[in-house]
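See below for the structure under consideration.
All residue numbers in this chain count up from 1 along the given sequence. Atoms considered below: every heavy atom in the structure, side chains included; atoms not considered: hydrogens, waters and symmetry mates. One-based numbering, in listed order, for ligands and for the atoms of each.
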Amino acid sequence: MEHFLTIKYTIFNNFDELPESAKNLMKEAIKARENAYAAYSGFKVGAAVLLKNGEICIGSNQENAAYPSGLCAERVAVYQASARFPEETIEAIALTGTAKEPTQHPVSPCGACRQSLSEYEIRQKQPISIYFMGASGKIIKTESIKDLLPFLFDGSLL
Ligand code: THU
């Protein structure tokens with residue numbers, strides 16, 4: 001028997017359409033993007049994680065001559081958040097990525113980052129809002145990692 005899934009997402013046509021708190025978070029992600037170490041791909045990504053206590057933890061992609069040793073911006077940010085504030089709820093993450101030529105298309109989190117984010121959403125039993133964009137242009141928002149990663153692998157199976 002066939003089944004169909006529906007995912008929910010919101011499109012904002014530009015930065016100005018974002019709600020105030022998301023604007024602030026996206027600004028932090030843009031600032032973080034400037035400090036990306038993207039020596040090999042030239043693709044710079046910035047991320048900012050908003051915690052319930054108001055703290056913002058940022059991250060940018062960190063590349064390495066041994067390519068798989070590098071890490072994406074989202075995981076740098078979310079691991080920092082969990083290391084510094086292990087008991088805090090993660091409310092949202094904003095993400096922006098661009099090639100040298102400004103990317104106008106929303107840059108969505110890679111599969112490994114989706115899996116990492118799912119760990120924290122399941123652990124805290126509260127959904128994480130995810131906002132993502134290119135250098136500018138449209139921003140996509142999902143209200144849960146479950147909309148980006150259906151059938152996610154969940155530790156309860158272990
Ligand atoms: N990258 C991220 O930082 N986040 C993603 O979700 C996608 C990819 C980085 C990894 C690498 O440094 C560069 O972008 C090109 O893949």
Side-chain angles (χ1 to χ4, degrees), residues 5 7-15 18 21-51 55-85 88-124 126-155:
L5 277 173
I7 67 154
K8 178 178 158 190
Y9 62 98
T10 308
I11 298 178
F12 300 93
N13 286 313
N14 54 54
F15 182 85
L18 286 174
S21 72
K23 267 187 197 162
N24 188 44
L25 198 60
M26 190 56 87
K27 276 186 195 160
E28 294 296 324
I30 293 167
K31 269 197 265 169
R33 197 185 72 211
E34 296 312 309
N35 291 330
Y37 177 57
Y40 300 95
S41 73
F43 194 81
K44 291 186 165 195
V45 185
V49 168
L50 174 65
L51 302 177
E55 290 277 350
I56 290 177
C57 294
I58 59 98
S60 55
N61 52 330
Q62 301 296 318
E63 297 189 350
N64 193 282
Y67 294 177
S69 304
L71 199 62
C72 292
E74 301 92 305
R75 277 176 286 166
V76 172
V78 82
Y79 291 159
Q80 183 202 154
S82 183
R84 292 179 60 203
F85 305 100
E88 272 308 317
T89 300
I90 296 173
E91 292 195 331
I93 181 168
L95 169 66
T96 167
T98 187
K100 284 183 189 115
E101 275 299 303
T103 304
Q104 300 304 320
H105 192 78
V107 171
S108 63
C110 80
C113 288
R114 294 177 196 205
Q115 182 65 32
S116 292
L117 285 165
S118 77
E119 181 75 23
Y120 297 102
E121 186 173 299
I122 289 163
R123 177 187 178 202
Q124 70 186 24
Q126 282 184 58
I128 299 173
S129 293
I130 300 152
Y131 295 87
F132 52 94
M133 74 168 196
S136 58
K138 286 191 171 64
I139 294 135
I140 294 180
K141 176 197 181 190
T142 65
E143 289 173 23
S144 165
I145 193 66
K146 288 175 181 156
D147 288 314
L148 289 178
L149 193 62
F151 295 108
L152 60 87
F153 181 76
D154 173 348

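- Here the side chain of Ser82 pairs no donor or acceptor atom with the backbone of Tyr79 at under 3.5 angstrom.
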Under a 3.5 Å threshold, I'd like every N/O contact between ligand 1 and protein atoms, with atom names and distance.
residue: ligand 1; atom: 3 (O); partner: Ala73; partner atom: N; Å: 2.9
residue: ligand 1; atom: 4 (N); partner: Glu74; partner atom: OE1; Å: 2.8
residue: ligand 1; atom: 4 (N); partner: Glu74; partner atom: OE2; Å: 3.4
residue: ligand 1; atom: 6 (O); partner: Glu74; partner atom: OE1; Å: 3.4
residue: ligand 1; atom: 6 (O); partner: Glu74; partner atom: OE2; Å: 2.5
residue: ligand 1; atom: 6 (O); partner: Cys110; partner atom: N; Å: 2.9
residue: ligand 1; atom: 12 (O); partner: Asn61; partner atom: ND2; Å: 2.9
residue: ligand 1; atom: 12 (O); partner: Glu63; partner atom: OE2; Å: 2.5

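- The salt bridge (Lys or Arg N to Asp or Glu O under 4.0 Å) contacts involving residues 27-42 comprise Glu28-Lys31, where partners must be two or more places apart or lie in separate chains.
- Proximity of Val107 to Thr98: side-chain heavy atoms (C-beta onward) are nowhere separated by under 4.5 Å.
- Residues satisfying the side-chain contact (heavy atoms from CB on, under 4.5 Å) criterion with Val76, sequence neighbours excluded, are Gln62, Leu71.
- Between the side chain of Gln124 and the backbone N or O of Ile90, at least one donor-acceptor pair lies under 3.5 Å.
- Listed by chain and residue number, Leu50, Lys52 satisfy the side-chain contact (heavy atoms from CB on, under 4.5 Å) test with Glu91 (two or more places apart in sequence, or in another chain).
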